[in-house]
2 protein chains.
Amino acid sequence: MATDLVDETQGGADDPRTLHQQVLARLRQSILLGRIEPGQALTIRGLAADLGVSAMPVREALRQLVAERALELMDNRRVRIPPMTIERFDDLIAARVVLEAEAAARAMPYVTEGLIARLEAEDAVINEAEAARDYDTWIGANFAFHAMLYGAAGQSAFLPLIESLWLQIGPFLRRAMRTLSGHYTVDRHSEALAALRRRDTMALRIAIEADIRDGIAHIGSTLIRSEALGATGVQGTLRQAQG
Amino acid sequence: MATDLVDETQGGADDPRTLHQQVLARLRQSILLGRIEPGQALTIRGLAADLGVSAMPVREALRQLVAERALELMDNRRVRIPPMTIERFDDLIAARVVLEAEAAARAMPYVTEGLIARLEAEDAVINEAEAARDYDTWIGANFAFHAMLYGAAGQSAFLPLIESLWLQIGPFLRRAMRTLSGHYTVDRHSEALAALRRRDTMALRIAIEADIRDGIAHIGSTLIRSEALGATGVQGTLRQAQG
DNA sequence: CATGCCGCCATGTGATCACATTTTTGCGGG
DNA sequence: CCCGCAAAAATGTGATCACATGGCGGCATG
């Protein structure tokens with residue numbers, strides 16, 4: 001009864017990372033790509049069984065994801081994806097806009113031709129994925145595009161904060177994209193790339209903000225249709241697969 | 001050989017929180033108030049002995065603080081306070097400015113007379129602490145003032161991000177304040193309170209940004225004087241007190 | 001006296017176990 | 001047929017243990 005909740009492919013036997021780091025990476029990706037349903041039961045033993053590890057690495061990974069606000073520790077001491085509300089969603093978008101616009105502007109001095117070329121390559125992946133309706137690739141490449149830009153100056157204090165925001169939005173982004181397939185938008189990444197080539201910081205800020213806003217504006221309406229997504233939902237009865 | 005690294009007073013026997021939550025709270029406060037020296041050895045067993053708990057809660061608390069970027073996991077798998085560089089410090093301040101200015105502006109609609117009164121009370125505590133050179137109280141009340149404002153609308157997605165930034169700055173803020181005792185500054189909190197009373201969002205943004213910038217501007221010079229604070233330093237040989 | 005090597009000790013990681021609490025299930029009565 | 005209560009299963013929390021790794025000092029050697 002093993003679910004496809006996590007990517008079983010990655011993580012070889014000679015992975016230099018600790019087990020809890022591997023578990024963390026896999027769970028993080030699952031959340032980011034919306035593979036975990038809001039409301040789904042997330043138990044230590046269940047995840048451990050699914051991932052083929054003991055409980056300890058899972059415990060540590062869950063704790064870390066709680067700290068990043070990707071998961072929420074309830075009063076029952078159980079962990080879940082935090083339910084989304086309109087207010088919280090609005091907060092998350094506002095935080096993304098100010099943080100990512102600033103991060104992009106601050107990355108400008110470090111933008112090289114090579115970086116622009118790599119961004120263009122990533123943008124091509126995004127466009128292909130969009131045409132093919134491949135949402136996993138689309139979401140992943142989209143984040144890679146932004147992260148590549150913000151990390152141009154090397155490790156930045158902005159990136160972890162932004163990543164936390166993505167993790168909080170991820171589960172609902174995927175759900176909204178399923179309902180709203182084929183939404184036509186202006187290619188904001190092209191605008192951003194043009195701004196980068198011109199070294200036009202202000203235009204870059206505008207492009208990034210526009211990309212964030214109309215990339216997810218329609219989620220708001222999804223939220224309105226089903227108030228407090230994830231607040232109710234299938235509680236448990238999905239992780240009984242173990243002896 | 002127990003250090004005064006953590007506040008031993010809090011945390012009764014009938015604390016409803018789990019042990020790891022108590023440990024987390026105490027470590028977090030220690031970091032925020034700069035009671036942990038950058039470069040100081042932070043071992044699981046050592047902290048557990050200091051706190052009178054087993055290793056398990058400490059492990060989980062450390063993991064959570066690593067996720068919040070308050071601590072850093074080195075390649076040795078050992079944990080430390082991340083060394084500060086001028087670039088990182090600059091990033092942290094920039095992130096604080098955009099996040100806190102936005103958080104303050106978004107809190108404006110929820111500002112009541114009662115909140116303003118409570119902020120004034122907190123500001124009084126800050127001024128007293130500054131006069132008395134009581135840095136612990138000063139830092140704590142300062143954060144309480146800001147958190148109170150940003151949390152006016154209830155739980156905000158901004159607050160955890162901002163808290164992470166405070167935790168990253170904390171250890172060095174304290175160090176810089178020790179060297180720069182008695183720095184005269186305009187009372188930006190008064191300006192912020194005045195803006196709140198007038199419901200002047202733009203003035204509030206300006207006051208918050210000014211408060212952040214000149215509250216810690218002098219730390220930059222401290223950093224320049226001792227390049228890469230915490231990069232070198234007393235490595236370990238301080239947590240041998242156990243057996 | 002300086003330097004490189006070896007062994008010991010401390011540490012992080014992961015596994016397993018016991019216990020208290022919560023959740024689910026099953027049964028009996030209304 | 002529905003509701004409530006009790007038993008049973010499941011879960012989170014914390015403790016302890018085994019093991020591999022890394023750091024440190026002592027020791028022998030040049």
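In what follows, chains carry the letters A, B, and so on, assigned in the order in which the sequence lines appear, proteins first and then strands, with residues in each chain numbered from 1. Keep in mind it's a predicted model, so treat the numbers as computed, not measured.
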Take atom [atom1] of [X] and atom [atom2] of [N], then tell me their distance rounded to the nearest Å.
| X | N | atom1 | atom2 | result |
| --- | --- | --- | --- | --- |
| A:Leu42 | D:dA10 | CG | C1' | 15 Å |
| B:His20 | D:dA15 | NE2 | C1' | 16 Å |
| B:Ile44 | D:dA15 | CD1 | C1' | 14 Å |
| A:Arg80 | D:dT11 | CZ | C1' | 17 Å |
| B:Leu19 | D:dT16 | CG | P | 12 Å |
| B:Glu60 | D:dG14 | CD | C1' | 8 Å |
| B:Leu47 | D:dG14 | CG | C1' | 17 Å |
| A:Leu24 | C:dG14 | CG | P | 12 Å |

Can you tell which of [options] lies closest to the side chain of [X]?
| X | options | result |
| --- | --- | --- |
| B:Arg45 | C:dG14, D:dG12, C:dT11 | C:dT11 |
| A:Ser54 | C:dA15, C:dT11, D:dT13 | C:dA15 |
| A:Arg59 | C:dA15, D:dG12, D:dA15 | D:dA15 |

Give the intermediate values and the outcome of side chain to side chain contact (heavy atoms under 4.5 Å, CB included) for residues B:Glu100 and B:Trp166. CA-CA 11 Å; B:Glu100 297 197 31; B:Trp166 275 73; 3.2 Å; yes

Can you give me the closest heavy-atom contact between A:Ile169 and A:Phe89, atom names plus distance?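 Closest pair (atom of A:Ile169, atom of A:Phe89, distance): CG2-CE1, 4.4 Å.
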
Working to the nearest 0.5 angstrom, can you tell me the gap between B:Arg63 CZ and B:Glu68 CD?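 Nearest 0.5 Å value for the CZ-CD distance: 14.0 Å.
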
With hydrogens left out and only the distance checked, is there a donor-acceptor pair under 3.5 Å joining A:Arg63's side chain and the base of D:dG12?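 Counting by modelled atom types and ignoring angles, no donor-acceptor contact under 3.5 Å is found here.
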
With hydrogens left out and only the distance checked, is there a donor-acceptor pair under 3.5 Å joining B:Arg78's side chain and the base of D:dG22?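 It does not, because no donor-acceptor pair links the side chain of B:Arg78 to the base of D:dG22 below 3.5 Å.
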
Would you find a donor on one side and an acceptor on the other, under 3.5 Å apart, between the side chain of A:Gln22 and the backbone of A:Arg17?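 A pair under 3.5 Å: yes.
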
Does A:Asn76 put a side-chain nitrogen or oxygen below 4.0 Å from OP1 or OP2 of C:dT21?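 Checking A:Asn76 against C:dT21: no side-chain N or O falls below 4.0 Å of OP1 or OP2.
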
A:Leu27 and side-chain contact (heavy atoms from CB on, under 4.5 Å): which partner among A:Leu42, A:Leu62, A:Leu32?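 Only one of A:Leu42, A:Leu62, A:Leu32 forms a side-chain contact (heavy atoms from CB on, under 4.5 Å) with A:Leu27, namely A:Leu62.
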
Residue closer to the 5' end of DNA chain C, B:Leu73 versus A:Arg77 (nearest nucleotide):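 Counting from the 5' end, the first nearest nucleotide belongs to B:Leu73.
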
